[in-house]
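For reference, the structure is listed below as structure tokens.
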Amino acid sequence: ASAVIARRKGRKAARDRFAPATGSLEAPWPLSLVQIDHTLVDVIVVDSRTREPIQRPWLTLAIDVHSRCVAGFHLSLDAPSATSVALCVAHAALPKAGWLMARDVEGEWPVQGVPERLHLDNAKEFHAEALKRGCDQYGIAVDYRPVRTPHYGGHIERLIGTMMGKVHLLPGTTFSNVRSKGDIDPSKTAAMTLDEVERWLAHAIVGVYHRELHRGIGATPIAAWQRGLAGGTDQPGRGATTPVADPRRFLIDFLPMERRLVRRQGVFLFSIDSWSDVLRPPIGEREKM
């Protein structure tokens, strides 16, 4: 079959379809490999005050490849950036009990801890200096998907497809193709704010996706996560994941940075002079801080 596809559509098409997804995709225990990617969500959100339609939000999503659990996500009206990647990485690594409670979402989301390896697309926001600096600081290895090898990102892409399938139940959905949409005008049916969509996604992950049988691993993602930590008859568990000692510091270490000279007026950034007493010692330093 591979040879037939190769003759008809070329070697790349045959490799994408039949080549085993091996190499850097091995994930023998939880958090040994986390894949991250972005997608435009197939729903139009409304303004929280006026309830007027705004736009489709962006979702940055992380998957733990071993268990297929959602490690974390970030929902935003802004296009993918180094900031959305940082917020997604922090959400993946930090405990989520308080986050769920703040959104009134019941259920457990036990995925937490510093990932060993991130698997990323080649988009520019994944090559940001802040991400590399944060990963270096916490001993996180980074792999970039080789060009023209789609199967390397297969797990995160299937997860995105699954989540978008659930989104098509919401008011304001744009669907993903014209035929499904029919006569529905998504801007007229739009009814949910960004916060409401975020809360709905949390419910869909914690209450539904994590508890559904995943055919690829023959278990529910939540059971695979727990088995991966505790071990089973066929393989030992990894034990507890590596906790983040200082959550606020962790997020700051991944956020975008700019280097600036510190002058008597303070720091000039985004067309604004900013001042704080903490800037007194480095005034007049010749190197950018």
Side-chain angles (χ1 to χ4, degrees), residues 30-31 34-48 51 54-78 80 83-115 155-174 176 190-214 219-226 229 241 243-244 247-248 250-251 254:
L31 297 187
V34 169
Q35 287 183 342
I36 305 177
D37 210 348
H38 319 282
T39 187
L40 255 179
V41 180
D42 294 336
V43 69
I44 291 176
V45 295
V46 299
D47 184 277
S48 58
R51 292 279 162 177
I54 310 174
Q55 66 177 65
R56 292 165 66 188
W58 282 95
L59 175 65
T60 303
L61 198 58
I63 186 173
D64 170 51
V65 173
H66 173 85
S67 66
R68 307 297 204 273
C69 278
V70 178
F73 75 88
H74 177 64
L75 190 70
S76 173
L77 293 175
D78 297 320
T83 302
S84 47
V85 175
L87 289 165
C88 182
V89 170
H91 190 233
L94 299 179
K96 298 172 183 61
W99 187 92
L100 291 170
M101 199 181 299
R103 286 153 185 79
D104 200 23
V105 176
E106 290 185 10
E108 289 188 16
W109 193 346
V111 182
Q112 60 177 289
V114 180
H155 300 301
I156 187 65
E157 284 167 8
R158 279 192 291 275
L159 175 62
I160 284 172
T162 299
M163 297 313 296
M164 288 310 101
K166 297 180 189 302
V167 162
H168 293 160
L169 302 170
L170 295 179
T173 182
T174 58
S176 42
M192 297 176 74
T193 65
L194 190 71
D195 286 348
E196 288 163 350
V197 172
E198 181 188 66
R199 183 168 177 260
W200 182 89
L201 278 168
H203 272 295
I205 291 164
V206 171
V208 184
Y209 169 75
H210 278 174
R211 303 188 177 281
E212 289 177 330
L213 180 69
H214 192 293
T220 65
I222 203 77
W225 171 267
Q226 289 159 347
L229 297 183
T241 58
V244 174
R248 187 167 176 272
F250 185 86
L251 172 60
F254 282 88

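The first residue of the sequence shown is numbered 1, and numbering continues consecutively from there.
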Sequence neighbours excluded, the answer for ring-ring contact (aromatic ring centres under 6.0 Å, His included) partners of H214 is none

Between atom CD1 of I205 and atom CG of L100, what is the distance when rounded to the nearest 0.5 Å?
9.5 Å

Applying side-chain contact (heavy atoms from CB on, under 4.5 Å), can you list everything that pairs with V46, at least two apart in sequence or on another chain?
R51, A190, T193

Taking all non-hydrogen atoms of both residues into account, name the closest pair between P115 and V34 and its distance.
CB-CG2, 3.8 Å

Starting from the C-alpha separation in whole Å, work towards a yes-or-no answer on side-chain contact (heavy atoms from CB on, under 4.5 Å) for M192 and V43.
CA-CA 9 Å; M192 297 176 74; V43 69; 5.7 Å; no

So, do V167 and W200 sit near enough that their side-chain heavy atoms are less than 4.5 Å apart?
yes

Let's go through Q112 and V244 carefully: what are the C-alpha distance in whole Å and the side-chain angles of both, what is the deciding distance for side-chain contact (heavy atoms from CB on, under 4.5 Å) to 0.1 Å, and is it a yes or a no?
CA-CA 9 Å; Q112 60 177 289; V244 174; over 6 Å; no

Can you sort out the partners of L251 under side-chain contact (heavy atoms from CB on, under 4.5 Å), two or more places apart, ordered by chain and number?
L87, A90, L255

Checking the side chain of T173 only, and the main-chain atoms of D42 only, is there a donor and an acceptor separated by less than 3.5 Å?
yes

Residue pair V111 / C69: nearest heavy atoms and the distance that separates them:
CG2-CB, 3.7 Å

Is there side-chain contact between V41 and M164, with at least one heavy-atom pair below 4.5 Å?
yes

Mind checking side chain to side chain donor-acceptor pair (under 3.5 Å) for E198 and listing every partner two or more places apart, or none if nothing turns up?
R103

I want to check something: taking the side chain as every heavy atom from C-beta on, are C88 and I36 in contact at a cut-off of under 4.5 Å?
yes

For residues 63-78, pull every pair meeting salt bridge (charged side-chain N to carboxylate O under 4.0 Å, His left out), keeping only residues two or more places apart or in separate chains.
none

List for me each residue that meets ring-ring contact (aromatic ring centres under 6.0 Å, His included) alongside Y209, sequence neighbours excluded, and say none if there are none.
none

Looking at residues at least two apart in the chain, or sitting in another chain, which of them share a salt bridge (Lys or Arg N to Asp or Glu O under 4.0 Å) with D104?
R199

Among residues at least two apart in sequence or on other chains, which ones pass side chain to side chain donor-acceptor pair (under 3.5 Å) with E108?
none

Minimum-distance pair of heavy atoms, taken over all atoms of F73 and L59:
CD1-CD1, 3.6 Å

Quick check: closest heavy atoms across E212 and K166, and the distance to 0.1 Å?
OE1-NZ, 3.4 Å

V70 backbone acceptor or donor facing H210 side chain under 3.5 Å
yes

Atom of I222, atom of P110 and distance for their closest heavy-atom approach:
CD1-CD, 3.4 Å

Partners passing side chain to side chain donor-acceptor pair (under 3.5 Å) against D37 (at least two apart in sequence or in another chain)
none

Which pair of heavy atoms, one from A191 and one from E196, lies closest together, and at what distance?
O-OE1, 3.8 Å

Pairwise distance CH2(W225) to OG1(T220) - rounded to 0.5 angstrom
13.5 Å

Does H38 form a side-chain contact (heavy atoms from CB on, under 4.5 Å) with V85? I'd like the steps, not just the answer.
CA-CA 9 Å; H38 319 282; V85 175; 3.9 Å; yes

Report the residues that fulfil side-chain contact (heavy atoms from CB on, under 4.5 Å) with Q55, sequence neighbours left out, ordered by chain and then residue number.
L77

Just verifying a value: how many Å separate I63 CD1 and T162 OG1, rounded to the nearest 0.5 Å?
8.5 Å

Sorted by chain and number, sequence neighbours left out, side chain to side chain donor-acceptor pair (under 3.5 Å) with R211 holds for none

Determine whether F250 and V89 satisfy the following criterion, side-chain contact (heavy atoms from CB on, under 4.5 Å), listing intermediate values before the conclusion.
CA-CA 9 Å; F250 185 86; V89 170; 4.1 Å; yes

Inter-residue atom distance T60.OG1 - L75.CG, 0.5 Å rounding
8.5 Å

Under 3.5 Å donor-acceptor, S76 side chain and W58 backbone
no

Suppose we screen for side-chain contact (heavy atoms from CB on, under 4.5 Å). Which residues come up paired with L213, at least two apart in sequence or across chains?
none

